[in-house]
Amino acid sequence: MAELDANLDHIIPSSVLAPFWAKLVVGFVSLVCFARSYDGDFVFDDSEAIVNNKDLRAETPLGDLWHHDFWGSRLSSNTSHKSYRPLTVLTFRINYYLSGGFYPMSFHVVNILLHGGISVLMVDVFSVLFGGLQYSSRGRRLNLAPRSSLLAALLFAAHPVHTECVAGVVGRADLLGALFFLLSFLGYCKAFRETGNKEGTHSTLWVLLSILLGALAMLCKEQGITVLGLNAVFDILVIGKLNVLEVVQKVLHKDKSLENLGALRNGGLLFRITLLASGGAGVLYMRWKIMGTGPPAFTEVDNPASFADSMLVRAINYNYYYSLNAWLLLCPWWLCFDWSMGCIPLIKSAGDWRVIALAALWFCLIGLICQALCSEDSHKRRVLTLGLGFLIIPFLPASNLFFRVGFVVAERVLYLPSAGYCMLLTFGFGALSKHTKKKKLIAAVVLGILFINMLRCMIRSGEWRNEEQLFRSALSVCPLNAKYADLNRHVDALNAWRNATVLKPEHSLAWNNMIILLDNTGNLAQAEAVGREALELIPNDHSLMFSLANVLGKSQKYKESEALFLKAIKAHPNAASYHGNLAVLYHRWGHLDLAKKHYEISLQLDPTASGTKENYGLLRRKLEQKQKKDV
């Protein structure tokens with residue numbers, strides 16, 4: 001890595017390469033980028049996770065934190081999202097106690113300081129990833145890539161995609177998860193500190209401590225456990241010095257010389273990988289037992305691609321989401337606090353121009369993977385593989401590959417993967433410097449990127465200071481998102497949805513949003529007209545039938561409303577709200593026995609629906625009174 005570092009000497013001056021000064025610069029940059037959010041309000045999900053979360057209050061026993069999810073609901077509840085992050089909630093509770101209440105400044109300051117500490121730790125992490133793991137005779141780890149590690153850490157500290165994690169208080173889950181993730185990785189590196197670099201030797205205590213730190217990372221944010229996978233990759237490539245392509249070729253050709261490969265002959269590697277796998281499996285099993293075996297309950301508006309009937313449509317859209325995440329890392333000027341609620345329409349055909357993004361993503365990934373496996377330069381293979389590992393492994397829990405997640409795109413899940421991106425970008429700058437004479441131009445580009453990113457971080461931090469600015473900032477990115485209405489900007493919301501239906505007449509969610517907004521604001525006649533127009537264009541959409549049926553019921557057009565409710569139920573019989581609202585219609589209409597029937601069906605499908613319970617109770621009392629009068 002001495003060559004890569006030398007190629008960056010025109011970008012990073014020698015005066016800041018001393019460990020203390022390098023970390024001081026990184027810490028300072030990280031604080032400057034996000035300091036503007038220190039006195040912001042509680043915004044977006046902060047209200048549910050903090051202000052309305054009873055687990056932060058002194059009257060709630062501390063033991064309840066271990067049985068509740070991130071939002072304060074019991075994990076056994078059907079409505080729980082199963083986000084089990086008790087250590088993060090504990091830090092919120094400490095914040096609340098020390099500040100004497102819900103004063104957002106103290107919560108924001110902790111987030112900013114956490115990001116600063118993580119950015120400083122990244123200097124050590126990148127020094128290992130770029131320079132390898134070597135120690136002096138006194139057991140002190142050597143930084144063989146000071147310029148590369150400093151540049152990558154600066155790019156990480158000033159990446160605008162981190163704004164959600166730092167400026168949004170609920171992002172502390174990602175920050176704490178990242179902190180313990182990095183400590184676990186560095187702890188794993190220390191397993192080889194006192195071995196004198198002897199082949200096959202390690203400290204089992206440090207390996208076990210690394211697994212423990214990985215478990216703590218998972219108790220802060222689910223993706224924290226993926227550090228054990230990164231540790232395994234690091235062990236195989238850096239400690240075991242295994243050439244993956246060579247091993248695969250020998251296995252395919254049944255080469256007997258495979259037995260002579262030092263990495264496979266070395267029992268220490270197999271023992272450590274077994275420890276990591278066993279530890280990870282044990283931790284995941286314990287978490288599974290605590291959270292319950294039922295999957296979290298998400299709705300179609302949270303992640304529409306996961307509800308698509310066609311596996312091909314799901315696969316295409318998942319890959320499109322990956323390309324959007326890659327674009328956010330590459331060009332973080334296009335940021336939004338919420339990408340759900342119709343923000344990203346589904347790709348339903350190969351003729352959609354957005355499939356180009358999928359092709360571009362896989363073209364780049366396949367090229368990097370080929371270089372990582374096939375390059376004759378062992379240092380290049382190692383750095384590219386570790387960079388891709390850091391980019392992909394922490395992202396896997398958010399990929400929809402193993403289970404459905406409750407979002408389409410979420411900037412917060414890119415906090416750790418962005419470290420892999422910064423590593424690959426730094427390597428790219430070094431390689432580019434090697435093959436060009438215009439080194440000053442490259443230096444200007446790098447410094448320009450850093451400056452622009454810092455400026456973007458400061459602007460974006462200001463947008464997270466209150467909800468109005470946050471929602472306004474999303475208008476240019478996601479005009480289809482049903483949450484503008486939350487600003488009471490009803491005309492703007494209606495215009496945005498109407499434009500969406502002009503551009504894409506089959507955009508069911510945009511039609512539905514218009515009907516619901518007009519209904520909620522009392523414009524029943526207009527809501528009815530929009531609903532009828534929508535059903536002419538999309539006649540088999542049960543959600544549109546349901547929305548229009550609600551409007552017709554309020555307009556006392558009971559017969560027509562009943563027909564639409566029944567048609568919607570026939571298309572989607574297990575929707576509790578469909579039965580519940582039909583029951584309300586019958587209740588108003590005076591068909592009490594039919595109302596009772598559908599209330600009971602609704603409660604069987606969703607026993608926790610408080611509104612349905614209340615209406616059912618009123619109906620039963622009415623029926624009892626009627627029976628007494630008849631007697």
Side-chain angles (χ1 to χ4, degrees), residues 7-13 16 22 24-38 40 111-112 115-116 118-120 122-123 126 147-168 171 323-337 339 357 360 364 387 391 409 411-412 414-433 436 438-465 469-470 472-478:
N7 292 329
L8 298 173
D9 61 356
H10 57 286
I11 301 174
I12 303 293
V16 295
L24 186 65
V25 169
V26 170
F28 176 76
V29 168
S30 69
L31 296 179
V32 167
C33 285
F34 300 102
R36 199 176 173 201
S37 65
Y38 86 98
N111 275 29
I112 294 168
H115 175 65
I118 291 164
S119 300
V120 168
M122 278 295 181
V123 177
F126 284 131
R147 288 185 174 85
S148 305
S149 58
L150 176 55
L151 178 56
L154 285 171
L155 290 168
F156 177 87
H159 204 296
V161 83
H162 298 158
T163 313
E164 180 177 358
C165 292
V166 184
S323 67
L324 284 178
N325 281 283
W327 181 249
L328 291 176
L329 290 174
L330 187 65
C331 184
W333 207 262
W334 196 51
L335 300 174
C336 182
F337 74 98
W339 296 84
C364 294
L391 178 70
V409 172
E411 292 159 22
R412 59 187 175 274
L414 294 175
Y415 191 81
L416 274 170
S418 67
Y421 164 77
C422 294
M423 186 176 174
L424 294 173
L425 190 61
T426 300
F427 181 84
F429 284 135
L432 196 61
S433 298
T436 184
K438 298 181 179 179
K439 298 185 183 296
K440 289 184 178 180
L441 177 61
I442 294 174
V445 170
V446 174
L447 294 175
I449 289 173
L450 277 172
F451 176 77
I452 291 171
N453 280 359
M454 288 179 67
L455 182 63
R456 178 60 174 141
C457 286
M458 290 186 277
I459 293 171
R460 187 65 178 152
S461 294
E463 293 171 347
W464 272 85
R465 285 163 58 92
Q469 291 185 68
L470 187 62
R472 288 181 190 279
S473 71
L475 280 172
S476 60
V477 180
C478 282

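FYI, the numbering just counts along the sequence from 1.
Taking Arg465 as the reference, Asp39 meet the side chain to side chain donor-acceptor pair (under 3.5 Å) condition, with sequence neighbours excluded. Applying the side chain to side chain donor-acceptor pair (under 3.5 Å) test to Ser418 and every residue at least two apart in sequence or in another chain returns His162. In this structure Asn325 satisfies the side chain to side chain donor-acceptor pair (under 3.5 Å) test with no other residue, sequence neighbours excluded. Applying the side chain to side chain donor-acceptor pair (under 3.5 Å) rule to Tyr415 yields the partners His115; only residues at least two apart in sequence or on another chain are considered. Applying the salt bridge (Lys or Arg N to Asp or Glu O under 4.0 Å) rule to Arg460 yields the partners Glu463; only residues at least two apart in sequence or on another chain are considered. Phe126 is linked by a ring pair (Phe, Tyr, Trp, His ring centres under 6.0 Å) to nothing, counting only residues two or more places apart in sequence or in another chain.
Distance check, rounded to the nearest 0.5 Å: CG of Asn453 to CG of Leu154 gives 11.0 Å. Taking OG1 of Thr436 as the reference point, atom CD1 of Ile442 lies at 5.0 Å (rounded to 0.5 Å). Here the straight-line distance linking atom CG of Leu447 with atom NZ of Lys440 works out to 13.0 Å at 0.5 Å rounding. To the nearest 0.5 Å, atoms OG (Ser461) and OH (Tyr38) are separated by 13.0 Å. One distance of note links CG of Leu330 with CG of Leu425; it measures 8.5 Å at 0.5 Å rounding. Taking CG of Leu455 as the reference point, atom CH2 of Trp333 lies at 5.5 Å (rounded to 0.5 Å).
Taking every heavy atom of both residues into account, Phe429 and Ile449 meet most closely at CZ-CD1, 3.7 Å. Considering all non-hydrogen atoms of both residues, Ser30 and Ala157 come closest at CB-CB, 3.9 Å. What you find for Met454 and Val32 is that their closest heavy atoms are CE-CG1, 4.0 Å. For the pair Ser149 and Val123, the tightest heavy-atom approach, listed with the atom from each and the gap, is CB-O, 3.6 Å. In terms of heavy-atom proximity, Pro332 sits nearest to Val161 at CB-N, 4.2 Å. Contact detail for Cys422 and Leu155: the closest heavy-atom pair is SG-C, 3.7 Å.
Side-chain atoms of Leu391 and Leu329, non-hydrogen and from C-beta on, do get closer than 4.5 Å to each other. Between Trp339 and Leu328, the closest side-chain pair of non-hydrogen atoms falls below 4.5 Å. Residues Phe34 and Asn111 fail the side-chain proximity criterion, which asks for heavy atoms closer than 4.5 Å.
Between the side chain of Arg412 and the backbone N or O of Glu164 there is no donor-acceptor pair closer than 3.5 Å. The backbone N or O of Cys336 sits less than 3.5 Å from a side-chain atom of Glu411, completing a donor-acceptor pair.
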- [ ] Determine, stepwise, if the pair Trp464 / Val166 fulfils side chain to side chain contact (heavy atoms under 4.5 Å, CB included).
- [x] CA-CA 10 Å; Trp464 272 85; Val166 184; over 6 Å; no

- [ ] Before giving the answer on side chain to side chain contact (heavy atoms under 4.5 Å, CB included), spell out for Thr426 and Leu8 the whole-Å C-alpha distance, their side-chain angles and the decisive distance to 0.1 Å.
- [x] CA-CA 9 Å; Thr426 300; Leu8 298 173; 4.0 Å; yes

- [ ] Just do the side chain to side chain contact (heavy atoms under 4.5 Å, CB included) check on Ile112 and Ser37 with the steps written out, would you?
- [x] CA-CA 8 Å; Ile112 294 168; Ser37 65; 3.8 Å; yes

